[in-house]
Amino acid sequence: MSDPWKECMDHCIAVTKEAGKMIREALKKDIPIMQKSSPVDLVTETDQKVEALIISSIKERYPTHSFIGEESVAAGAPSILTDNPTWIIDPIDGTTNFVHRFPFVSVSIGFTVNKEIEFGVVYSCIEEKMYTARKGKGAFCNGVPIKVSGQEDITKSLVLTEMGLKKDPEHFKAVMSNMQKILTIPVHGIRSPGSAAVNMCLVACGSADAYYHIGIHCWDMAGGAAIVTEAGGVIMDITGGPFDLMSRRLITASSRAIAEHIAQQLQEFPCGRDDAVN
């Protein structure tokens, strides 16, 4: 049976390489920084230029497709997932890393049809690692197959999460409490590379055993969700229920045992939904 979305994925990989080149060139120059919702919610001209490059290239070839892009949403575009073929784009996942030239900076694109993720591409462009996955066809890094560690013992696991400013003091307390609960299971450690998409790829290739996060967005998760799933990993909601791309939260792990153990530890706090209509 032919793959109806292969051409889309090939084009996605090509435009992602172009975007990565643009990001690497920008790192050689001064980086003008703008602030979005808070002093740690940053955007740069490069974020905006990269997203414009990706969307214009895809629109030219697939004019009937839909888009959800981080910077488009920030500018007021809707973030509603429909059955139409949809490209979910994070032009620079790890903008704070980019600003500081910390080397985990990625371009992340997920492609959905009928609200299901068909393929994902994550390009860790400073490392020059291209992670790709197509539903039912496995996951790869620079064309080489990858798979999760398979670790099932939480006490032997390395766990990833992210830390940042939470305006609500109770939310901040919950973030810190969750980290304490995970560390005192105990686990081998917690790391925070600074890019959700890269975090998921690190789980996918076996360099870490789990990643959890509350408060991220669909464009952070869509590309990596395809990759970690096709690498044999588990992805679920922080409650242990099914993963919901628009929920702004996830656990992904090398095994269901580890994912469920983390779910039992986590304290929830409200983070809204990407598809909430104001």
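Residue Leu158 comes nearest to Gly189 through the heavy atom pair CD1-O, 3.6 Å, listed as atom of the first residue, atom of the second, then distance. The two atoms that bring Ile54 and Ile109 nearest to each other are CG2-CD1, 3.9 Å, heavy atoms only. The minimum heavy-atom distance between Ala225 and Met200, with the atom names listed, is N-CE, 3.3 Å. Annotation for Val73 and Ser79: closest pair CG2-CB, 4.0 Å, computed over non-hydrogen atoms. Residue Gly223 comes nearest to Val122 through the heavy atom pair C-CG2, 3.9 Å, listed as atom of the first residue, atom of the second, then distance. The shortest non-hydrogen separation linking Ala231 to Ala139 is N-CB, 3.8 Å.
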Inset, instruction - Let me see the working for Asp244 and Arg273 under salt bridge (Lys or Arg N to Asp or Glu O under 4.0 Å), right down to the final yes or no. - result: CA-CA 10 Å; Asp244 177 351; Arg273 290 183 58 85; 2.7 Å; yes

Legend entry - Derivation of the side-chain contact (heavy atoms from CB on, under 4.5 Å) call for Leu245 and Leu250: CA-CA 9 Å; Leu245 181 58; Leu250 87 165; over 6 Å; no

Inset, instruction - Show your reasoning for whether side-chain contact (heavy atoms from CB on, under 4.5 Å) applies to His217 and Met246. - result: CA-CA 7 Å; His217 293 279; Met246 307 305 282; over 6 Å; no

Legend entry - From CA spacing to verdict: side-chain contact (heavy atoms from CB on, under 4.5 Å), Ser254, Ser157: CA-CA 9 Å; Ser254 59; Ser157 64; over 6 Å; no

Inset, instruction - Carefully, step by step, assess Arg249 and Glu268 under the rule salt bridge (Lys or Arg N to Asp or Glu O under 4.0 Å). - result: CA-CA 10 Å; Arg249 56 196 209 176; Glu268 296 180 63; 3.0 Å; yes

Legend entry - Step-by-step side-chain contact (heavy atoms from CB on, under 4.5 Å) determination, Glu25 to Lys28: CA-CA 6 Å; Glu25 287 300 313; Lys28 298 175 183 177; 3.1 Å; yes

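Judged by distance alone, with hydrogens and angles left aside, the side-chain atoms of Ser106 form no donor-acceptor pair with the main-chain N or O of Ser108 at under 3.5 Å. Side-chain atoms of Thr82 come within 3.5 Å of backbone atoms of Asn84 as a donor-acceptor pair (strictly under, hydrogens ignored). Under a 3.5 Å cut-off, the side chain of Asp209 and the backbone N or O of Gln151 do not form any donor-acceptor pair. The backbone N or O of Lys115 sits nowhere less than 3.5 Å from a side-chain atom of Thr112 that would complete a donor-acceptor pair. Between the Arg134 side chain and the Glu118 main chain, a donor and an acceptor come within less than 3.5 Å of each other.
Within the model, atoms CD1 of Ile262 and CD1 of Ile185 stand 6.5 Å from one another, a figure rounded to the nearest 0.5 Å. Put simply, OG1 on Thr132 and CD1 on Ile227 are 7.0 Å apart, with the number rounded to the nearest 0.5 Å. Atom NE2 in His213 sits 5.5 Å away from atom CD1 in Ile216 (nearest 0.5 Å). A distance of 11.0 Å separates CD of Glu260 from CD1 of Ile154, quoted to the nearest 0.5 Å. For the atom pair CD1 (Ile55) and OG (Ser72), the distance works out to 4.0 Å, reported to the nearest 0.5 Å. Going from atom OG1 of Thr184 over to atom CD of Gln265 covers 7.5 Å, rounded to the nearest 0.5 Å.
Val198 and Val203 fall within a single hydrophobic cluster, where Ile, Leu, Val, Met, Phe, Trp and Tyr are joined by side-chain heavy atoms under 4.5 Å apart, directly or via other members. Under the 4.5 Å side-chain heavy-atom criterion for Ile, Leu, Val, Met, Phe, Trp and Tyr, Met163 and Val99 are members of distinct hydrophobic clusters. Transitive grouping of hydrophobic side chains (ILVMFWY, heavy atoms separated by less than 4.5 Å) brings Leu53 and Phe111 into a common cluster. If you chain together hydrophobic residues whose side chains sit under 4.5 Å apart, Ile88 and Val121 never meet in one group. Note on Ile13: it clusters hydrophobically with Val113, by side-chain heavy-atom contacts below 4.5 Å among ILVMFWY residues.
Side-chain contact between Met179 and Tyr212 is present, with at least one heavy-atom pair separated by less than 4.5 Å. Annotation: side chain of Ile190 is not in contact with side chain of Leu160 (no heavy-atom distance under 4.5 Å). Residues Arg248 and Ile214 are not in side-chain contact: their nearest non-hydrogen atoms beyond the backbone lie 4.5 Å or more apart. Under the 4.5 Å side-chain criterion, counting only non-hydrogen atoms from C-beta, His65 is in contact with Cys8. Taking the side chain as every heavy atom from C-beta outward, Cys205 and Ser207 approach each other to under 4.5 Å. A heavy-atom distance below 4.5 Å is found between the side chains of Ile126 and Leu27. At least one side-chain heavy atom of Ile89 sits less than 4.5 Å from a side-chain heavy atom of Phe67. Val234 is not listed as a side-chain neighbour of Ile251, based on a closest heavy-atom distance of 4.5 Å or more.
In this structure, Trp5 has its ring center at least 6.0 angstrom away from the ring center of Phe119.
Counting heavy atoms of neighbouring residues, nucleotides and ligands inside a 6.0 Å radius, atom NZ of Lys49 does not exceed 12 of them. Taking a 6.0 Å sphere around NZ of Lys156, one finds it holds 12 or fewer heavy atoms contributed by other residues, nucleotides or ligands. Atom OH of Tyr62 sits in a crowded spot, with more than 12 heavy atoms from other residues, nucleotides or ligands closer than 6.0 Å. Few gaps surround CE on Met176; more than 12 heavy atoms of other groups in view lie less than 6.0 Å from it. For Arg24, the CZ atom counts as densely surrounded, since its 6.0 Å shell holds more than 12 non-hydrogen atoms of other residues, nucleotides or ligands.
Between Glu230 and Lys135 no salt bridge is recorded (no basic side-chain N to carboxylate O distance below 4.0 Å). Using a 4.0 Å cut-off between a side-chain N of Lys or Arg and a carboxylate O of Asp or Glu, Lys166 and Asp168 do not qualify as a salt bridge. At a threshold of 4.0 Å, the pair Glu18-Lys21 does not count as salt-bridged, since none of the basic side-chain nitrogens sits closer than that to a carboxylate oxygen.
Here Glu127 pairs with Lys129 under the salt bridge (Lys or Arg N to Asp or Glu O under 4.0 Å) rule; sequence neighbours left out.
Among pairs with a residue in residues 88-110, those fulfilling ring-ring contact (aromatic ring centres under 6.0 Å, His included) read Phe102-Phe104, at least two apart in sequence or across chains.
Of the candidates Ile235, Asn199, Val228, Leu202, Asn199 is the only one forming a side chain to side chain contact (heavy atoms under 4.5 Å, CB included) with Tyr211.
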